[in-house]
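One structure is given below, encoded as structure tokens.
If you're wondering where the values come from, they're calculated on a predicted model, not measured in any experiment. All ligand and atom numbering here is 1-based and tracks the order in the structure.
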Amino acid sequence: MRTLCGMADSFIYLVSRMGVTGTTGSLSPDLPALIRRVKGLSGNVPVAVGFGISTRQQYLAVTSVADGAVIGSQVITILNDAPAGKGAQAVEELCTKITQRKVEMGASALEYLISSAETVDSVTTASIAEDDATVTDEPGRFGVFGGQYAPEALRTCLAELEAGFQAARDNPTFWEEFRSYYPYMGRPSSLHFAERLTAHAGGANIWLKREDLNHTGSHKINNALGQILIARRLGKTEIIAETGAGQHGVATATVCAKFGLKCTIYMGAEDVRRQALNVFRIRLLGATVVPVESGSRTLRDAVNEAFRAWITRLDTTHYIIGSAIGPHPFPTMVRTFQGVIGNETKAQMADLGKKVDAVVACVGGGSNAVGMLCPFSQDSSVQLFGVEAAGDGLDSGPGRHSATLSGGSIGVLHGVRTYILQDQHGQIESTHSISAGLDYPGVGPELAYWKECNRAKFLSATDAQALQGFRLLSELEGIIPALETSHAVWGALEIAKKLGPGSNLVLCLSGRGDKDVQTVAEVLPKLGEEIGWDLRF
Ligand SMILES: *Cc1c(COP(=O)(O)O)cnc(C)c1O
């Protein structure tokens, strides 16, 4: 109870089996004392009591001692019993009956329910303001972002992981071991001047940090390798992971093959279909792919399923999350392993005698971005930029883009408080991007923090603009980039023009584009026209 009360920062749902006694509506005499105890432990976080409440009498009894009453199964029953198409109305009637507050004409049920409280926005802003001072220094917190919003069943395992990670991070032998695999990974990755791209932009010198040359073709291997070394130290024998486009699945299956660990990859059924080549690659590497049929059958459903699977076999299994997302310690761990990108860049530019003025990376969940940007974050002379996927355009409506920082709001998804794409009811919105790897409705908490305190700027590129970036890097530098990376290429050109000649911008080339040539061929008939690119014979 102490642990849970310590975690809670919005409200506590007190499940009180004894709270109300079935149909009589009389309160358990112990309930007021229980509420006082919970409030004492939580520092007065509001308490809502639930379990078996279905009548006005019970509602009044509970709200006389608690801050709120939670009605769940009664709503389900009413929905089940209602004639088709009348469910919402039946629930509205239930609410009116129980609270005896009238629904105003035109107001939605939600507006009605919260009309006596503050609006959703003001609640969010108020809690940020008061949290700001208190939570910044907590481990796993980045300002008000981050944290560990995980079910109790996971807490012990996350604590074990945190301890294992910290011990490894502070141990030089661990880093020696990590570096001993550099030849296998293809590290250090090269850094070089993009001469023709620079001339085309007519502004800052553009430098390319070539994560596309890594083994398996992207930055994902940095994190997969780091985490599997931790898993081995913790004595785990099995690995699970989620994947969207399949890049993280391939990287994870690769390191599992290298170390002889059993590997299971969860992948949305829709992505399994779209990314058939990577599915086959994962199978060639000896891993199992589990198609996830729930929800939108894409990356976010795969993450849900991976967490679910993890909980059932915590003793033997480590979950290698693929981006800087998830509950603490994942975002910090992923940033630490991906930090190799920015750290190498810093050293390589220093060797060349060049001063870095800006760094740019594409942002999906944010792992290549945080890895590139973080090592520069303390140096205020370096500008930090992230480029998100604007899909059909930021104004094209919900579900048509994946620009979480530019178009989202603060909430909790997959165990972490950060910017997410959600509707007014807090339901996660579907996303779209030409690049499967950026197609995710959340983002790493550290990037959310940098946005909030203005340390980094976030732009977004539409599908068509990304395709322009794809074309330019291919034609001007002889490098076919991943479609994810192509967003950053487009962004880098815009930023380079503004920075002007003489300054230096480094672009994180997160991955190579072989996996995307089929997609590009498919979209060219439509998007090619928009950007004047026609490859028909
Ligand atoms: C997965 C992937 C991304 C997006 O993931 P982040 O965690 O935001 O880095 C970007 N580029 C490439 C090449 C990828 O494979």
Checklist entry - Using the ring of each side chain (for Trp, its six-membered ring), is Trp207 parallel, tilted or perpendicular to Phe193, with breaks at 30° and 60°? => result tilted

Checklist entry - Does the pair Glu484/Lys515 count as a salt bridge with the N-to-O cut at 4.0 Å? => result yes

Checklist outcome for this item: The complete set of side chain to side chain donor-acceptor pair (under 3.5 Å) pairs with one or both residues in residues 299-308, sequence neighbours excluded, reads Ser296-Asp301, Asn304-His414, Glu305-Arg308

Item to check | Residue pair Asp439 / Thr431, side-chain donor-acceptor N/O under 3.5 Å | outcome: yes

Checklist entry - Does Arg233 come within less than 4.0 Å of Glu177, counting only side-chain N to carboxylate O? => result yes

Pairs under 3.5 Å, N/O atoms on ligand 1 and on the protein: can you put them in a table with the distances?
from	atom 1	to	atom 2	distance (Å)
ligand 1	7 (O)	Ser323	OG	2.5
ligand 1	7 (O)	Gly366	N	3.3
ligand 1	7 (O)	Ser367	N	2.7
ligand 1	7 (O)	Ser367	OG	2.7
ligand 1	8 (O)	Gly364	N	2.7
ligand 1	8 (O)	Gly365	N	3.2
ligand 1	8 (O)	Gly366	N	2.7
ligand 1	9 (O)	His219	NE2	3.0
ligand 1	9 (O)	Ser367	N	3.4
ligand 1	9 (O)	Ser367	OG	3.2
ligand 1	9 (O)	Asn368	N	2.8
ligand 1	9 (O)	Asn368	ND2	2.8
ligand 1	11 (N)	Ser510	OG	2.7
ligand 1	15 (O)	Lys220	NZ	2.8

Next on the checklist: Before we go on, tell me: are the rings of Tyr266 and Phe307 under 6.0 Å apart, centre to centre?
Outcome noted: no

